[in-house]
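In this chain, numbering begins with 1 at the start of the sequence shown. Values below: all heavy atoms of this structure, side chains included; hydrogens, waters and symmetry mates excluded. Source: prediction; values computed, not measured.
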Amino acid sequence: MSTLTLRAGRFVAEVERRTAVVTAALVAVAAGLALLGLCQGQDWATPAEVFTALTRGGESAFVIREWRLPRVAAALVFGASLGLAGAVFQNLTRNPLGSPDVIGLDAGAYTGALVAITVLNGTAGQLAAGSVAGGLLAAGVIYVLSLDSGLSGLRLIVVGIAVNAMLTALNSWIVLRAEIDVALAATGWNAGSLNGVDWAEVRLPFAVIGLFVLLLVVISHDMHQAALGDEVARTTGVRLGRLRLLMVLAGVGCTATVTAVAGPVVFIALAAPQIGRRLARAAGVPLVPAALTGAVLLLAADLVAQVLLAPVALPVGVVTTAVGGCYLIWLLGMEVKRR
């Protein structure tokens, strides 16, 4: 018994060390990409010019501080938020396909945002509230239709894909019935874009995401216990019903807040948790590597979107869809082989 305990302790220590190394490496990559994002624009700025603009001002200070820095910050924060949302639902369903954009939560959040735009005034607060409400409603429908599987297994994925298809059709109908200017804005927003993001648009979403991250920090220990199995979680005092409700709230909140600002940015929530898990070689889906991987992926995708057809900046969702589609095909092939 002592030998098994010793081996388990060594394994946990090795995983923790590797997670720390992976975390440090991802932070370094994110910092490098952030610097590249501050340099990138219609006029290239050297790293020295960026440093001067951020610390002392100068000729390019306004462009770097007010145009490029909000975009870079949004890519990092929104990417981390999507990575966390994907990790939450993949832990909840214990399935690598259990991602908000696959099971219809992104589409539900987009529906809520469209209702806020077409029926209400479409303010930042209304968009955030509508997105969260739409995502929660979609999650509720999927939960009810997947009760037999207990929020796990292939049944939830199939139900989620069906709900996603229906919500996508509903969203198209809402756009077609809207005024022409609203329809054009909603169609462009549907691609998922960080073009033109400024500080006024991201301050409230950053604060909302911060609250959901705080919630995930509070319940992270119980999430780890639940990942070991329902029986283990119950014996350690975890209230699974309450925990799952809080996980759904945090996951939907993270993805819906991003959708309210940038539109549905797909596949980051699907890919980031699994890439982070493989880098850390963890048994479950760790939150920190998932968040950092999401931040790196979204910022890298946004940089590609800016330079691919320069001077025209593509919506970042175009890049994430192209890359994520290939990843989804590979992931589905892996799932089929296991069965």
Item to check | Spatial distance of atom OG1 (T52) from atom CD1 (I64) [nearest 0.5 Å] | outcome: 8.5 Å
Checklist entry - So do the side chains of L292 and P289 get within less than 4.5 Å of each other, counting heavy atoms only? => result no
Checklist entry - Is there side-chain contact between L303 and V307, with at least one heavy-atom pair below 4.5 Å? => result no
Item to check | From CG (L216) to CE (M247), nearest 0.5 Å | outcome: 8.5 Å
Item to check | Any side-chain heavy-atom pair of L33 and V296 under 4.5 Å | outcome: yes
Checklist entry - Taking side chain as C-beta onward, heavy atoms only, is E66 less than 4.5 Å from D198? => result no
Checklist entry - What pair of heavy atoms forms the shortest contact from L194 to F78, and how long is it? => result CD2-CD1, 4.0 Å
Next on the checklist: When you compare the side chain of L279 with that of I275, does any pair of heavy atoms fall below 4.5 Å?
Outcome noted: yes
Item to check | Close side-chain approach of S131 to Y110, heavy-atom, < 4.5 Å | outcome: no
Sequence neighbours left out, cut at 3.5 Å: what donor-acceptor pairs do the side chains of residues 256-268 make with other protein atoms?
from, atom 1, to, atom 2, distance (Å)
T257, OG1, G253, O, 2.6
T259, OG1, T255, O, 2.9

Checklist entry - With sequence neighbours left out, what residues match D106 under salt bridge (charged side-chain N to carboxylate O under 4.0 Å, His left out)? => result none
Checklist entry - With sequence neighbours left out, which residue pairs that include part of residues 316-326 fulfil the side chain to side chain donor-acceptor pair (under 3.5 Å) condition? => result none
Item to check | Side-chain donor/acceptor of Q274 to backbone N/O of A87, under 3.5 Å | outcome: no
Checklist outcome for this item: d(L54 CG, L69 CG) to nearest 0.5 Å is 6.5 Å
Checklist entry - What distance separates L82 CG from S99 OG, expressed to the nearest 0.5 Å? => result 8.5 Å
